[in-house]
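One structure is given below, encoded as structure tokens.
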Amino acid sequence: MNPIANLELETASHPEALTRTVIEPITRVEGHGKVTLLMDEQNHVKQARLHIVEFRGFEKFIQGRPYWEAPVMVQRLCGICPVSHHLAAAKAIDTFVGARQLTPTAEKLRRLMHCGQTLQSHALHFFHLASPDLLFGFGADVATRNIIGVIQAHPALAVQGVKLRKYGQEVIRVLAGKRVHGILAIPGGVNKTLSREDREYLLKDIDQMVTWSQDAVGIVGKLFTDNQTEFERFGSFRSNFLSLTTSKGDFELYDGGLRARDDKGQDIFDHVNYAHYLRYLHEEVKSWSYMKFPFIVSLGNDEGWYRVGPLARINNARFMGTPLAEEARKAFMAMGKGEPIHATLAYHWARMIEMLYAAEAIRDLLQDPDILGTDLMTQGERATEGVGVIEAPRGTLIHHYKIDEHDAIVKANLIVATTHNNTAMNAAVREVAAHYLDGKVLTEGLLNHIEVAIRAYDPCLSCATQALGRMPLHVELWDAEGQLVDRLVKGADGTLSDELG
Amino acid sequence: MTHTFFLDDQEIPFREGQSVLQAALSAGHYIPHLCWRPQLEPHSSCRLCTVIINGRPFSSCTQPAMKDQKVDCDTPELQALRKAVLQMIFVEGNHYCPSCEESGSCRLQAMAYHLGLQDNRFPQQFPIRERDNSHPDVNMDRDRCIRCETCVRASRDLDGKNVFGIHGRGIKSKLAVNAPSGLLKDTDVSAEDQAVALCPTGCLTVKRVGFKVPIGQRIYDKESISAMALKEFQAEEAAHG
Ligand code: SF4
Ligand code: SF4
Ligand code: FES
């Protein structure tokens, strides 16, 4: 396969003689991350790295807790996709009560909740976090390149974004009892039926949501085709892709087998029972990053890295189960001429196709007679080890637990989407640094290019909830002796000030 | 013959032998309380039911109602006192309500809502407490124990078993079980015991029930703790007089 893009920039050969630039924290991504750039005196980029502080305390914290607490407790891991953690944990924990196949009603209610989460998360990402860059340009004046700017220049679009998100949250609230940190999934099923009134309430606006999602696909698709050369080039590299698919190889968000494809679209593995993920995926530790780097075992750690999330799912799918999304998928895939799409910015397009899928799937599920069913629970032969995998908005999410004979959790392992994408995001950062920043005096607009590349992956950096909207940005320049020689600070109003100079 | 006393200037009838709390509940007036339960002997440990009689504080769950006495209950001072007492109870344990299965049906939590608790006020003690999940059907999470001895009384007086006790004093005191191993699995407790059912918190719970009751249908989602207490009292009166 392809070598990792610009790998020589991962570790500089003589770091001691270089100037260090730190971008921290990254704006408009969830949580906390840091980019460091090492540059020589001619401003040539010699090393570019994305460091993510991953929260690993949870695996310890949950030890000794009864297993039925896990799907509730894990929601605290992430302020932005608690439902994904809730459902992935619940799927793992179904195993402990021997629920191999949920009742149709229980499974469909969980799917409905998951689609609500996907809709609200994708809407939030596109309208609030990504659209300022895409609509105004990556290096545009920071005074307008923000959500306020979007609201002023494209008020109707901004309102749609808010309403799509709100709708997704309403789906979650109706099912889980609360908009955030509610509870629906319990071991072996769900704890609540959907009432007729609630179904009618959600059906009322769903056609509008489908239409708006369709519009959003159109907007991103047009942006992409209008700027094809730049968008295809920006932060791009070839890679493998990993996702769940159905047994037929179709698009899937809630359940299925693991499929990995190479950069040409050939299967590396397919229909893998995710309970055996450890046979196929390993994680590499690198001394300079807290976050691990997963890879496909058969390809090894140099070549086995991959991408997950919207782009991976669409690339890996043979077909999408809802008509409008399927149509959009075909138009999107045509760009690749038979090969997977590799552009980093194509994530935005793929994400909107998924939002459309989620809206259509919500409509289908609400109209499904099973959704009003009352048979909610199932159980069978108990087991003491369980794996749950789900396609969270950001990508494949793995939860793995072991319990003892007293129902207490003794071991937990989680691999979140942002970790799967760790190598890829680093590759994107290096690519942008080499292409856009090399040899130039850094400005806010140039530095934003790096963030644009990272934001395309929608990372939930430390699974923390802050960082919605604009955060201040610090850029530090260090000399060869490790002395801080300059610090650029971007204020909340977007102005750059030079603190030491 | 019935006598009356005055609770916050309202005339309350009472029967001989009734406590101030019982008489108040009988008449449909709520006085906050945690360790007192209609089925059990009073214990007078939580102090939430404190009222002022003739200028002095008394636990209304043990104080006998007396003819013509003036009882202050719903005063700003007493509500502040109750709040402080409750805040102390919270910081003396480890309560993570969001992932606690008792949430929504927990008396302690409901009381916090009732009294409008917003913060801890006192420094969190983070006591180290042992969890006991050795029993096949009953879970014991001492982090959530408020040492109200409801289980002690219920096991002894309703279940006829004597499974529980409190060891030690003050902040160091802890819930103990009646077995040489100190483990719940070696006692004769069972999931049907009143001791388990009446525990006001998530300390004693039946295993594998977890979060089966959806949000919106849990006890205190539907009814305030004061309305529930009145109902429970009336039910107990109707059953046992
Ligand atoms: S026992 Fe009650 S107060 Fe304590 S954590 Fe559970 S719900 Fe909260
Ligand atoms: S276990 Fe429950 S009933 Fe017993 S003392 Fe603790 S909180 Fe009270
Ligand atoms: S209820 Fe009276 S002291 Fe607890």
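Per chain, numbering begins at 1; letters A, B, ... match sequence-line order.
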More than 12 non-hydrogen atoms from neighbouring residues, nucleotides or ligands closer than 6.0 Å to [atom1] on [X], yes or no?
| X | atom1 | answer |
| --- | --- | --- |
| B:E130 | CD | no |
| B:Y113 | OH | no |
| A:E381 | CD | no |
| A:Q379 | CD | no |
| A:K166 | NZ | no |

Any chance you could measure [X], atom [atom1], to [Y], atom [atom2], to the nearest 0.5 Å?
| X | Y | atom1 | atom2 | answer |
| --- | --- | --- | --- | --- |
| A:Y67 | B:R208 | OH | CZ | 6.0 Å |
| A:K192 | B:Q217 | NZ | CD | 7.5 Å |
| A:I183 | B:K212 | CD1 | NZ | 13.5 Å |
| B:F211 | A:E69 | CZ | CD | 5.5 Å |

Student check: side-chain heavy atoms of B:K207 and A:H406 closer than 4.5 Å: yes
Of all the heavy-atom pairs spanning A:M73 and B:S99, show the shortest one and how long it is.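 In terms of heavy atoms, the two residues are closest at CE-OG, 3.6 Å.
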Using a cut-off of under 4.5 Å on heavy-atom pairs, state which of A:V72, A:L376, A:N191 scores highest against chain B. A:N191
If you count heavy-atom pairs within less than 4.5 Å of chain A, which of B:D141, B:N139, B:V213 leads?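 Of B:D141, B:N139, B:V213, B:D141 has the most heavy-atom pairs under 4.5 Å with chain A.
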Choice from B:P214, B:P136, B:G210 maximising heavy atom contacts with chain A below 4.5 Å: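 Result: the option with the highest number of such pairs is B:P214.
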A:A185 versus chain B, the contacting section by heavy-atom distance below 4.5 Å: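 Neither part, no heavy atoms under 4.5 Å.
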Give, as side chain, backbone, both or neither, the part of B:N133 having an atom under 4.5 angstrom from any heavy atom of chain A.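 Both parts, backbone and side chain.
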